[in-house]
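Letters A, B, ... mirror the listed sequences (proteins, then strands); counts begin at 1.
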Number of protein chains: 2
Amino acid sequence: MVKKQLIMEKALELFAEQGFDATSVQQITEKSGISKGAFYLSFKSKDELIFALIDHFMSEIVSNIDYLVSGGGYQKDELLYQFYLTILKNFEEHSNLATVFMKEQTHTLNMELIMKLHFYDKQINRAILKMIDQIYGDSIAATKFDLLYCVKGFMKMYSELFIFSKLPLDLKLLASSLVEKTNLLAKHSTVPFVTKELVNLLDLPAEGPPTQETLVKHINDLIAEVQEGFVKDALHELKEQINKQTLDILLINGLVEIVRQDAQCMWVAFLLRRYFKIS
Amino acid sequence: MVKKQLIMEKALELFAEQGFDATSVQQITEKSGISKGAFYLSFKSKDELIFALIDHFMSEIVSNIDYLVSGGGYQKDELLYQFYLTILKNFEEHSNLATVFMKEQTHTLNMELIMKLHFYDKQINRAILKMIDQIYGDSIAATKFDLLYCVKGFMKMYSELFIFSKLPLDLKLLASSLVEKTNLLAKHSTVPFVTKELVNLLDLPAEGPPTQETLVKHINDLIAEVQEGFVKDALHELKEQINKQTLDILLINGLVEIVRQDAQCMWVAFLLRRYFKIS
DNA sequence: TTGACAAATGACCGATTAGTCATTAGTATA
DNA sequence: TATACTAATGACTAATCGGTCATTTGTCAA
């Protein structure tokens, strides 16, 4: 659906300029060259629009990192360098959305929004930790969680440079600089603050499983969007399984693994695992 | 004026919970146990309230750092440790306001708000750079601006721990951990990314001098608030100098230096220097 | 008790918002 | 061409907002 993408693009520009609250649906529709009614044909509400933006951007970042770490075939320093470069390029390309995040950070809109951001944050943590393990091995077991926070801190602070200055920056130099810093901290740091226990404490108490209704709604939304045929088939099958309540866990598990491959389905895969109590 | 403080406290709690936009004046007055009209006796607008909050807390943080770096009498590692500890305690004590900042970050409200935040940010940069000079001397001239960004990054990332977890954290351990990290980066880092030139580019083009009207308004506000007698006298004298247009620069310079001692007057001292074109 | 003044109130205003829905325009089929 | 259907419209609503101001309340000295 091309209309949806048009709205998302134009809305993103406005959100980056003015913030979410300060941007009216009217402005979005004017900039998109459509009527107000047409907006509500694509999105049920203004909130649904920002959810879509977050899903789109975050799932892309997470799957980019995942791909690098799991299947990139890079080694040690090269991996770290490519990691930073990938993240930075992502920020550069989507600096508009990054601006929205900076501005709106956990803006108390909705419990689902908070859960989503928390979920993607955990995915990123998982991927970075995996990378740290690959690069440094067991030697930094005591400080790896602290290093995780430093890496995220580097990303956070330097990404501000993109957002507040629109200057063209030398990403390769920046990535090299961050690689050096990360290595220094990894190899010589002896006083960790963030421990495994603290990270576990920070993982908010899990919400209960989603209702059947919300799950089906999400799946239907995805079926309308997803391109890949076999993913769409798996989604249909999953919907049937939910409605039939058969609980064929092996089949469901396989289907979830299939849809999980598609970045767009990341969040719904998470909800499905919650719903069916998989691992 | 005690009413003003009551409003500021209650508003701060609400802003931290819901954000600035999402909090109505109605809610603030209800929580404060006053009427809507009474609110507008203390503040001319909702914007003026958030300006007051920012001025109040940012000037406190800046003067705390300034005091440490300029007159604390600490040396090297001890100075760095006290610096982190002071900042962290400030965040802990005012975690509500820190939350508001995280949420509202440059929320496009008003040109004056942006200028204020930028001004305080520059004050903090100045103080940190002075500290870096004291501790490391000329040896890190090439990487000091990069180190500045790392220090600010550490503060940023770990302060999130306060804000999103309400856990009691071991600030002394955290400060020690950050001292070690800072020293590592200062002593071994060789690939800087942030240079003096880049920092200068990031300093937004300065606004023109304030009008006589706005200046007098700010001074009057401060006269009503400031406790210290001699500061109040200096403010009165400054107001007279402005109205008389005498331009006795030496006298004015001295008066500005006097009021600058008071943390509350930091911003107006900045405006005065702009107005009278001092240094 | 009275009168004068300041402090405080809350009903009210115009502006703006997200969201709705009766209506129209456009398009494909018979 | 007539019919049936979807896509698209924008005037409209109900709610909420920041801010105002005629009115009431409280507090003094006389």
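Counting to the nearest Å, the P atom of C/dT17 and the CG atom of B/D21 are 12 Å from each other. Between the P atom of D/dC17 and the CZ atom of B/F39 lies a distance of 14 Å, rounded to the nearest Å. Summarising the geometry, the separation between CD on A/E30 and P on C/dT16 is reported as 13 Å, rounded to the nearest angstrom. Atom NZ of B/K36 and atom C1' of D/dG18 are 6 Å apart (whole Å). Between the CZ atom of A/F20 and the P atom of C/dT17 there is a distance of 13 Å, given to the nearest Å. For the pair A/F43 CZ and C/dT20 P, the interatomic distance rounds to 16 Å; values are reported in whole Å. Taking atom CD1 of A/I7 as the reference point, atom P of D/dA7 lies 14 Å away to the nearest angstrom. Across the protein-nucleic acid pair, B/E48 atom CD and D/dG18 atom C1' stand 14 Å apart, rounded to whole Å.
The side chain of A/S45 sits closest to C/dG19 out of C/dG19, C/dA8, D/dA7. When the nucleotides C/dA18, C/dT9, D/dC17 are ranked by their closest atom to the side chain of A/S24, C/dA18 comes out on top. Of the candidate nucleotides C/dA8, D/dA8, C/dG19, C/dG19 has the atom nearest to the side chain of A/Y40. Closest contact between the side chain of A/I34 and the listed nucleotides D/dT9, C/dA18, D/dC17 involves D/dT9.
Mapped onto DNA chain C by nearest heavy atom, A/G37 and A/Q26 fall at different nucleotides, with A/Q26 at the one closer to the 5' end. Remark on DNA chain C: of its neighbouring residues A/Q27 and A/K44, the 5'-side contact belongs to A/Q27, judged by nearest-heavy-atom nucleotide.
Both tests pass for A/K46 against the ring of A/F20: distance under 6.0 Å to the centre and angle within 45° of the axis. For the pair A/K3 and A/F39, the NZ or CZ position fails the cation-pi test of under 6.0 Å to the six-membered ring centre and within 45 degrees of the ring normal.
The base of C/dG19 has none of its N or O atoms less than 3.5 Å from a complementary donor or acceptor on the side chain of A/K46.
Checked by atom type and distance alone, the side chain of B/E17 never pairs as donor or acceptor with a backbone atom of B/L14 at under 3.5 Å.
Atom CG of residue A/L53 and atom CE of residue A/M8 lie 4.5 Å apart, to the nearest 0.5 angstrom.
A close approach under 4.0 Å does occur between a side-chain nitrogen or oxygen of A/K3 and OP1 or OP2 of D/dA8.
As judged by a 4.0 angstrom heavy-atom cut-off over every strand, B/T23 is placed among residues touching the sugar-phosphate backbone only.
Minimum heavy-atom separation, A/F43 to A/A52: CE2-CB, 4.0 Å.
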